[in-house]
Amino acid sequence: MHVLDATTCRTIAARYDHRGQRYYVRGKLAIDPVYGATAQLVAERRLPLLDIGCGIGLLAHYLHACRLLDRYVGLDHDARKIHAGNAAAKQAGLEGQIQLQAADAGTLQPVRGHVTMLDILHYLPRHRQAQLLRHAARHLAPDGRLIMRNVIREPNWRFHATRVEEYFLRVSGWIPGGAQHYPSAEEIRAPLEEEGLRVSFSPLRGRTPYNSYLIVAEF
């Protein structure tokens with residue numbers, strides 16, 4: 001798995017304008033394994049990448065630090081995060097490689113390659129989750145991978161810990177509206193298999209108590 005050293009993490013964080021964003025970036029890079037796991041998966045097959053729900057574009061900077069950034073298109077409905085992400089890309093001199101757009105997750109894009117959706121599905125109603133999964137599948141290249149990390153609804157303490165964390169994300173304003181529907185594994189698997197994809201699940205929690213899984217779908 002690709003892991004960044006502390007100096008590189010500080011360099012990435014320094015590209016963001018606000019102190020709160022810099023602390024957030026350093027914390028995420030220090031403890032969240034999803035970026036390294038994603039880098040490992042895309043390194044095996046170099047393709048353009050569509051990042052649905054990209055937030056402030058942190059994945060793009062991680063991939064650049066790993067020398068894995070090719071064409072990157074990020075979508076997020078939160079214009080504030082897109083503004084912060086574009087400012088950070090400009091600060092790093094990466095405007096030509098990192099394209100961030102304030103847009104709905106279901107907006108069609110002229111990109112075929114890998115698709116990432118990191119901690120996105122549960123912020124949508126149940127019916128929109130299935131729609132978005134099919135939409136993402138249709139942006140894959142024949143050898144592309146749909147890479148997701150999401151909480152799975154299961155009867156265990158990790159799931160309940162996740163719900164507590166999501167409550168604080170909502171009241172803090174970081175995720176306006178908060179979680180809408182926590183999907184089961186089958187609710188994720190079914191629409192992707194209907195698109196002809198094979199789907200695998202593996203725990204990806206790092207040093208957190210949350211019920212998070214790495215989900216990979218490919219033809």
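Side chains included, hydrogens not; waters and symmetry mates left out as well; all remaining heavy atoms used.
Checked for salt-bridge contact, R153 and E187 meet the test: a charged N lies under 4.0 Å from a carboxylate O. With respect to the salt-bridge test (charged N to carboxylate O, under 4.0 angstrom), the residues D76 and K81 do not qualify. Residues R128 and D104 are paired through a salt bridge, judged by an N-O separation under 4.0 Å between the basic side chain and the carboxylate.
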After noting the C-alpha distance and the side-chain angles of F201 and I152, does the key distance pass the side chain to side chain contact (heavy atoms under 4.5 Å, CB included) rule?
-> CA-CA 10 Å; F201 293 77; I152 299 297; 4.2 Å; yes
Evaluate the side chain to side chain donor-acceptor pair (under 3.5 Å) criterion for residues E166 and H122: first the C-alpha distance (whole Å), next the side-chain angles of each, then the deciding distance (0.1 Å), finally the verdict.
-> CA-CA 10 Å; E166 290 292 344; H122 58 293; 2.9 Å; yes
Could you go step by step and tell me if K90 and E95 meet the salt bridge (Lys or Arg N to Asp or Glu O under 4.0 Å) rule?
-> CA-CA 5 Å; K90 183 176 181 180; E95 309 101 303; 5.7 Å; no
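The hydrophobic cluster containing I120 also contains L197, counting ILVMFWY residues as joined when their side-chain heavy atoms lie under 4.5 angstrom apart, directly or transitively. The cluster map of Ile, Leu, Val, Met, Phe, Trp and Tyr, joined by side-chain heavy atoms under 4.5 Å apart, puts L132 and V73 in the same cluster. Hydrophobic cluster membership differs between L41 and L47, with clusters built from Ile, Leu, Val, Met, Phe, Trp and Tyr side chains linked at under 4.5 angstrom. L121 and L204 fall into different hydrophobic clusters, where Ile, Leu, Val, Met, Phe, Trp and Tyr are joined by side-chain heavy atoms under 4.5 Å apart, directly or via other members. One hydrophobic cluster holds both L94 and V42 under the rule that ILVMFWY side chains link at heavy-atom gaps under 4.5 Å.
Shown here for C54 and G74, the closest heavy-atom pair between the two residues is SG-C, 3.5 Å. Among all heavy-atom pairs drawn from L146 and L140, the shortest one is N-CD2, 3.5 Å. Of all non-hydrogen atoms in A105 and I52, the two that sit nearest each other are CB-CG2, 3.5 Å. In this structure, V115 and A136 approach most closely via the heavy-atom pair CG2-O, 3.6 Å. The two residues S212 and R149 come nearest to each other via the heavy atoms CB-CD, 3.5 Å. Minimum heavy-atom separation, L133 to P191: CD1-CG, 3.7 Å.
Between the side chain of H135 and the backbone N or O of L108 there is no donor-acceptor pair closer than 3.5 Å. Counting only distance, with no hydrogens or angles, the side chain of R198 and the backbone of F219 share a donor-acceptor pair below 3.5 Å. Under the 3.5 Å distance criterion, the side-chain polar atoms of R26 are left unmatched by any main-chain donor or acceptor of A13. Looking only at distances, no side-chain donor or acceptor of T107 sits under 3.5 Å from a matching main-chain atom of A103. Side-chain atoms of R71 never come within 3.5 Å of backbone atoms of L49 as a donor-acceptor pair (strictly under, hydrogens ignored). The backbone N or O of L69 lies less than 3.5 Å from a partner atom in the side chain of Q97, making a donor-acceptor pair. With hydrogens and angles ignored, the 3.5 Å screen pairs no side-chain donor or acceptor of T8 with any backbone N or O of L4. Checking side-chain atoms of D70 against main-chain N and O of P48 turns up no donor-acceptor pair under 3.5 Å. A donor-acceptor contact shorter than 3.5 Å links the side chain of Q129 to the backbone of H181.
You'll find the side chain of Q109 reaches within 4.5 Å of the side chain of Q101, heavy atoms only. Side-chain contact between I98 and N86 is absent, with no heavy-atom pair separated by less than 4.5 Å. Residues P183 and N150 form a side-chain contact, since some pair of their non-hydrogen atoms from C-beta on lies under 4.5 Å apart. Counting heavy atoms from C-beta on, the side chains of Y24 and I56 come closer than 4.5 Å. The side-chain heavy atoms of Y72 and L100, taken from C-beta on, include a pair separated by under 4.5 Å. Contact annotation: the side chain of S202 never approaches that of V216 to less than 4.5 Å [non-hydrogen atoms, C-beta and beyond]. V151 places none of its side-chain heavy atoms less than 4.5 Å from the side chain of Y210. Using a 4.5 Å cut-off on side-chain heavy atoms (C-beta onward), R145 and I147 make contact.
Put simply, CG on D5 and CZ on R10 are 8.0 Å apart, with the number rounded to the nearest 0.5 Å. Atoms CG and CZ, from L192 and R134 in turn, are 8.5 Å apart once rounded to the nearest 0.5 Å. Note: D143 CG to R112 CZ = 13.5 Å, rounded to the nearest 0.5 Å. Considering CG of D51 and OG1 of T116, their distance stands at 3.5 Å, rounded to 0.5 Å. Rounding to the nearest 0.5 angstrom, the gap separating the CG atom in L124 from the CE atom in M117 is 8.5 Å. Distance check, rounded to the nearest 0.5 Å: CZ of R80 to NE2 of H18 gives 10.5 Å.
Enclosure of atom CZ in R45 by more than 12 non-hydrogen atoms of other residues, nucleotides or ligands within 6.0 angstrom is indicated.
A search for salt bridge (Lys or Arg N to Asp or Glu O under 4.0 Å) contacts involving R138 returns E195, not counting sequence neighbours.
Relative orientation of the F159 and Y182 rings is perpendicular, given thresholds of 30° and 60° on the angle between their planes.
Between Y16 and H61, the distance from one ring center to the other falls under 6.0 angstrom.
Geometric assessment of R205 against the ring of Y213 yields a positive cation-pi assignment under the 6.0 Å and 45° thresholds.
Among E154, R163, H160, the one residue that satisfies the side chain to side chain donor-acceptor pair (under 3.5 Å) test with N211 is E154. Of the candidates D32, I12, L118, L63, I12 is the only one forming a side chain to side chain contact (heavy atoms under 4.5 Å, CB included) with L58.
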